[in-house]
Number of protein chains: 2
Amino acid sequence: MAVSRTARKGVALDATSADTKTRILDAAELLFMEHGFEATSLRQLTAAAGVNLAAVNYHFGSKEELFQAVLTRRLDPMNQERIERLERIERDAAGKPLSCEKVLFAMLIPALRLARDERRGGKNFLRLLGRAYADPAPFIRSFLSAQYAQMIARYKEAFLQALPHLSRQELTWRLHFVMGALSYTLAGTDALKLFAQVGAADNDELLLQRLAPFLVAGLKAPPMGDTRKLELVSGD
Amino acid sequence: MAVSRTARKGVALDATSADTKTRILDAAELLFMEHGFEATSLRQLTAAAGVNLAAVNYHFGSKEELFQAVLTRRLDPMNQERIERLERIERDAAGKPLSCEKVLFAMLIPALRLARDERRGGKNFLRLLGRAYADPAPFIRSFLSAQYAQMIARYKEAFLQALPHLSRQELTWRLHFVMGALSYTLAGTDALKLFAQVGAADNDELLLQRLAPFLVAGLKAPPMGDTRKLELVSGD
DNA sequence: GCCCGATTCAAACGCCCGTTTGAATTGCAT
DNA sequence: ATGCAATTCAAACGGGCGTTTGAATCGGGC
């Protein structure tokens, strides 16, 4: 009824509704990851959560808003932790020279910590996030942009400082490559099978030990032009 | 009727049916990219292609088989070109030492050439492919695995030769990172907006000039352990 | 000129979707 | 105990989905 629509922004209604809300969020996180947003129906979702079909619209308003809530629940704390870590290493290095490694790690570690924290969604969520990056739905794209804009801007400045040999534009591209490798890897527990056995990311610390040297070397590389020109047109 | 099901494997029925089939494939490539597989309905797809609704099932059997046909049309030639280029540089370097750059370029250039070839789908297709990588649908995953297995295996051997300092497992991970950065970048004409203006990949040769130094440096980097250990647990 | 397989077409099939409704139920403040 | 807002529930709404059907149309070989 009319009440339900405004009820969501009522006074703190934790213990009573949080249970249903949380069960919906948990089931949604799992199913959206398993089958994607479009392919997950509210009927199977609410059944998995053990709640009534109408509960999603009552508590979240719509399926799209539920999806955003699923992302927000994990992204907000993670990105906040990223910013806090960056601020701390900036503060610690009262002098100027920020090392590329430290900035990169400040960015990677919160993601890895989230992946490791099974109580809070763990790998499920990062896989979901990795796929959301590639989703063309406008409501997902604009939502993610808003969620990340602030953090990305901060890190871009920090990297610019740590990698003075890169122009702003060159750095923008490289951060893009970094995010690509990261999201693809985190999203890929399935995709890994494309390449080989690979003992799976059972150990996330190990994954960071593999990913970090690759990304640091890529970031530090001199831009093309310092090395020989390439003749890519060839071939025919 | 019963005929239609077997007709697809009849004798070469080019000029007559190819027109309808091609129009379906072109429209599908565009719409699957724009809205994703699930969110694209056969009704809007056949309307965009200017063909009858039933034409998809008649010519391709099902929506899923249409999707596979869309991928195959571009992937088969691209991966074959990748293998041919690898074989050529292996042949040219009659001696042993294959350079990492050359192997990587043999892998990247066919993708870039496809992206540049607007007559054959161009960027549309690579964006579609990038998203297919991240799609969890089993029929997509197994299809892509089959399409890529052979090519990936060949390149893994070549890289193993060009990068003798990497163990097989380390290399598997790094190829994964490479594919992540590549697919994310190719898929991302939208996603780029996440980070900044970035003049868009209007010039694909320029993109390769930015991507290549990053990836080469990442591939050549010594594995962790050669550099200092990291203390990632910290933070609390 | 006709025939027959290949193709196109309009219509329908059964199914599941996201959302809404209004009545039951709950549980806390009074 | 009662009242009332917050929540849950079963049921239904309208609509779009992928697919199937059988008739209409096409077009080259005899």
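Owing to the predicted nature of the structure, the values given are computational and were not obtained by experimental measurement. Just so it is clear, the values below take in all heavy atoms, side chains as well, and ignore hydrogens, waters and symmetry mates. So that the names make sense, note that chain A is the first sequence line, chain B the second, and so on, each numbered from 1.
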ask   = Between atom CG in A/D19 and atom P in D/dT7, what is the gap in whole Å?
value = 12 Å
request  = Could you tell me whether A/E38 and A/K63 make a salt bridge, using a distance below 4.0 angstrom between a side-chain N and a carboxylate O?
outcome  = no
query = So, does A/R131 use its side chain to make a donor-acceptor pair with the main chain of A/M33 at under 3.5 Å?
reply = yes
key: Value in whole Å for how far the P atom of D/dG16 lies from NZ of B/K63   = 15 Å
query = Starting at the 5' end of DNA chain D and moving along, which residue's nearest nucleotide shows up first, B/L53 or A/A55?
reply = A/A55
task = Identify which nucleotide among C/dT20, D/dT19, D/dT8 has an atom closest to any side-chain atom of B/N57, counting heavy atoms from C-beta outward.
result = D/dT19
message = Is A/T20 close enough to D/dT8 that one of its side-chain N or O atoms is under 4.0 Å from OP1 or OP2 there?
response = yes
note = Quick note, B/Y58 side chain, CB onward, closest among C/dT8, D/dC9, D/dT8 is C/dT8
query = Rounded to whole angstroms, how far apart are CG on B/L45 and P on D/dG18?
reply = 9 Å
note = Ranking D/dA12, D/dC9, D/dC17 by distance to the side chain of A/A54, first place goes to D/dC9
ask   = Do A/R43 side-chain and C/dG18 base share a donor-acceptor contact under 3.5 Å?
value = yes
key: Residues B/K21, B/D26: salt bridge by 4.0 Å N-O rule   = no
ask   = Roughly, in whole Å, what's the span from CZ in B/F60 to C1' in C/dT8?
value = 15 Å
inquiry  = With a 3.5 Å distance limit and no angle check, can you tell me whether A/Y148 reaches the backbone of A/N79 through a side-chain donor-acceptor pair?
reply    = no
task = Check every atom of D/dT7, D/dT19, C/dT7 against the side chain of B/H59 and return the nucleotide holding the closest atom.
result = C/dT7
inquiry  = What is the distance, to the nearest angstrom, from the CD atom on B/E65 to the P atom on D/dG18?
reply    = 15 Å
note = Separation of D/dT8 atom C1' from A/K21 atom NZ, nearest Å, is 15 Å
message = Measure CG/A/L42 against C1'/D/dG16 and give the value in whole Å, please.
response = 16 Å
task = Return no unless some side-chain N or O of A/N52 is found under 4.0 Å from OP1 or OP2 of D/dT7.
result = no
key: Any A/S41 side-chain N or O less than 4.0 Å from OP1/OP2 of C/dC16   = no
inquiry  = Can a donor-acceptor pair be found, under 3.5 Å and without considering hydrogens, that links the side chain of B/R43 to the backbone of B/L53?
reply    = no
message = Heavy atoms only, 4.0 Å cut-off, all strands: where does A/T40 land among base, sugar-phosphate and nothing?
response = sugar-phosphate
